[in-house]
Amino acid sequence: MTSRTGTSKAGTGSSVRGVPERRPEVPYRFERTHDTAAIRANHEDLEPGEESGVTVSVAGRVMLRRVQGKLAFAELHDSSGAVQLFCLAAVTADYEGFCRLSLGDWVGATGEVVRTKRGELSVKVTGWELLAEARRGFGDKWHGISDVDTRYRQRYVDLWVNEGSRRTFQLRSRLISLMRRWLEDRGFVEVETPVFQLVAGGALARPFVTHHNALDLDLNLRIATELHLKRLVVGGFEKVFEIGRTFRNEGLSPRHNPEFTMLEAYQAYADYGDMMALTEALVAHLATELCGTTQVSYGGRALDLTPPWRRATLSELVEEHAGVHVGVDVPIDELRRVAGEHEVHLEEGWGPGKLVLEIYEKTTEAQLWGPVFVCDYPQEVSPLARPHRSKPGLVERFEAIVAGRELANAFSELVDPDDQRARFEEQALARAHGDEEAMTVDEDYLRALEYGLPPTGGLGVGVDRLVMLLADVHHIRDALLFPTLRPEA
RNA sequence: GCGCCUCUAGCUCAACGGCAGAGCAACGGACUCUUAAUCCGCAGGUUCAGGGUUCGAAUCCCUGGGGGCGCACCA
């Protein structure tokens, strides 16, 4: 290999190593025979000091190095784990070069699998080649990187240095894969609906707006997939789902990122009770597969996700936690008084339903460790949900609350086109009065409903929040590989 | 948007009104079974920026910037 002649450049103020006078030549490919996990699995029984007689080629990053005269050890990490490289001046080609490797350099190495006298499974390297040099150093070798800004901006470093971070994102990948398979096994069909929408509907949120040049058209990035998925139910997809990126032009917080991933699933002939059963079964399945149990813990506190989860109405829960009775049947002046007592921020034009919801969110939601299905929301705040079959003013809607935060939202879907038009018009009115999150009338969606939407249960699940829950991380940025950040200064 | 906290070597941190330091990384050397190897040596700084107080400021104050946390906002 090329000697690392470059020295630390003084005054650059960065960790970049000097540019070598001659760049090392690195190969276009490397023939790896095993990953490090396979080597561990195959040679579990090797005794200390024993040689296997098996030659392998491994590849990865050198993350630790211990040179001891005519002997050198290095830890080679790959995506499956790590194994020690064992080099002898007498055996290893370009032994000197190996000793000059930097932490973080990528290498491919070939040699026999052995266990050292001290019991460490190793590849006794005969030949090796540099696959990529780490011109920037990886920093402290055991404290890792604690500067959160660096962790999020340079995830490629974080992933190498912090094992917890790797674990979280491996879990995320498996979670989405398991979720997809579980739904497919139950007859759900996965689809992709537009990200660009003329009317950003399906949720109450401000959209991002962009522009299509050829059509000279402003388009919204979707805030939900709901309305398109229900169009597909009209079209005969009786069980349909999408796991998709969704965009909302809102603030950032430990639980909010402007782009996030949502699962939405719709099932014909089903109601919100069916969606509760679906939700708890799905989450229990994921917990079992990913955590080995439904009795998990979050932030050190026990959390039992075993079905069935508690079902309680929103009114009952507010009564439990705030000791007051609220509901859409309570006179509005009384609701205003209760809201005032609990320091709920009030706005002109809020009806009883909005007040009830605000009181619930202020006094109760964060207290619910759960899991609990909070049922039967005011119709006023649920413009896409079907009226409750027996409770006037309410709709058949639930939110699943786990660890004090919303994990899922679901309804018996509103199927009546006339009612839906009335709800849209109510929203449009609120919008005209300055509510930027209110919906606008989606004529094509109404037309679809006029062709007939069967009774349908719909469910939305915040995938990032589910990852947070099962990976036991407490900021959405820890569940997103590349979270939205302010530009670097 | 508001409040509180924070910013020191490449990384992790100390010094908290009196000479800016340690460990790791880097660099040079010793070492044939190491495990965060060890040992010897060397180097590394506009203490986020600017202003002020002071005999003296990394330290106290002000302004600005970055970051964090909380609140507000947020299906």
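Every heavy atom of this structure was used, including side-chain atoms; hydrogens, water molecules and symmetry mates were not.
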Starting the side chain at C-beta, find the nucleotide from [options] nearest to [X].
{"X": "A:Leu103", "options": "B:U35, B:A26, B:C33", "value": "B:A26"}
{"X": "A:Lys70", "options": "B:C33, B:U32, B:A26", "value": "B:U32"}
{"X": "A:Val67", "options": "B:C33, B:C31, B:U32", "value": "B:C31"}
{"X": "A:Leu88", "options": "B:C69, B:U32, B:U35", "value": "B:U32"}

Whole angstrom is fine here: how far is it from [atom1] in [X] over to [atom2] in [N]?
{"X": "A:Glu250", "N": "B:A72", "atom1": "CD", "atom2": "C1'", "answer": "14 Å"}
{"X": "A:Tyr152", "N": "B:G67", "atom1": "OH", "atom2": "P", "answer": "13 Å"}
{"X": "A:Leu252", "N": "B:G1", "atom1": "CG", "atom2": "C1'", "answer": "14 Å"}
{"X": "A:Leu85", "N": "B:U32", "atom1": "CG", "atom2": "C1'", "answer": "17 Å"}
{"X": "A:Leu64", "N": "B:U38", "atom1": "CG", "atom2": "P", "answer": "11 Å"}
{"X": "A:Glu365", "N": "B:C73", "atom1": "CD", "atom2": "P", "answer": "13 Å"}
{"X": "A:Arg115", "N": "B:U35", "atom1": "CZ", "atom2": "P", "answer": "17 Å"}
{"X": "A:Asp478", "N": "B:G68", "atom1": "CG", "atom2": "P", "answer": "11 Å"}

How far does the [atom1] atom of [N] sit from the matching atom of [M], given to the nearest Å?
{"N": "B:A58", "M": "B:G50", "atom1": "P", "answer": "12 Å"}
{"N": "B:C71", "M": "B:U12", "atom1": "P", "answer": "27 Å"}
{"N": "B:A22", "M": "B:C16", "atom1": "P", "answer": "16 Å"}
{"N": "B:G51", "M": "B:C73", "atom1": "C1'", "answer": "35 Å"}
{"N": "B:C55", "M": "B:G1", "atom1": "C1'", "answer": "44 Å"}
{"N": "B:G56", "M": "B:G23", "atom1": "P", "answer": "34 Å"}
{"N": "B:C5", "M": "B:G10", "atom1": "P", "answer": "28 Å"}
{"N": "B:A15", "M": "B:A20", "atom1": "C1'", "answer": "7 Å"}

- Contact nearer the 5' end of RNA chain B, comparing A:Gly69 with A:Gly119: A:Gly69
- Message: Between A:His475 and A:Ala205, which residue's closest nucleotide on RNA chain B lies nearer the 5′ terminus?
- Response: A:His475
- Is the number of heavy atoms from other residues, nucleotides or ligands within 6.0 Å of CZ (A:Arg206) greater than 12? no
Taking OP1 and OP2 of [N], is either one under 4.0 Å from a side-chain nitrogen or oxygen of [X]?
{"X": "A:Arg477", "N": "B:C69", "answer": "yes"}
{"X": "A:His256", "N": "B:C73", "answer": "no"}
{"X": "A:Gln68", "N": "B:C33", "answer": "yes"}

Looking at [N], which nucleotide sits across from it as a Watson-Crick or G-U wobble partner, both distances under 3.5 angstrom, or is there none?
{"N": "B:U12", "answer": "B:A22"}
{"N": "B:C69", "answer": "B:G3"}
{"N": "B:U59", "answer": "none"}
{"N": "B:G45", "answer": "none"}

With sugar-phosphate meaning primed atoms plus P, OP1 and OP2, does [X] contact a base, only sugar-phosphate, or nothing at under 4.0 Å between heavy atoms?
{"X": "A:Lys362", "answer": "sugar-phosphate"}
{"X": "A:Glu75", "answer": "nothing"}
{"X": "A:His474", "answer": "nothing"}

Taking the six-membered ring for Trp, are [X] and [Y] ring centroids under 6.0 Å apart?
{"X": "A:His321", "Y": "A:Tyr360", "result": "no"}
{"X": "A:Phe411", "Y": "A:Tyr272", "result": "no"}
{"X": "A:Trp309", "Y": "A:Trp369", "result": "no"}

- Donor-acceptor under 3.5 Å (A:Arg61 side chain, A:Gly104 main chain): yes
- Message: Checking the side chain of A:Asn257 only, and the main-chain atoms of A:Pro483 only, is there a donor and an acceptor separated by less than 3.5 Å?
- Response: no
- Message: Any carboxylate oxygen within less than 4.0 angstrom of a Lys/Arg side-chain nitrogen, looking at A:Glu259 and A:Arg245?
- Response: yes
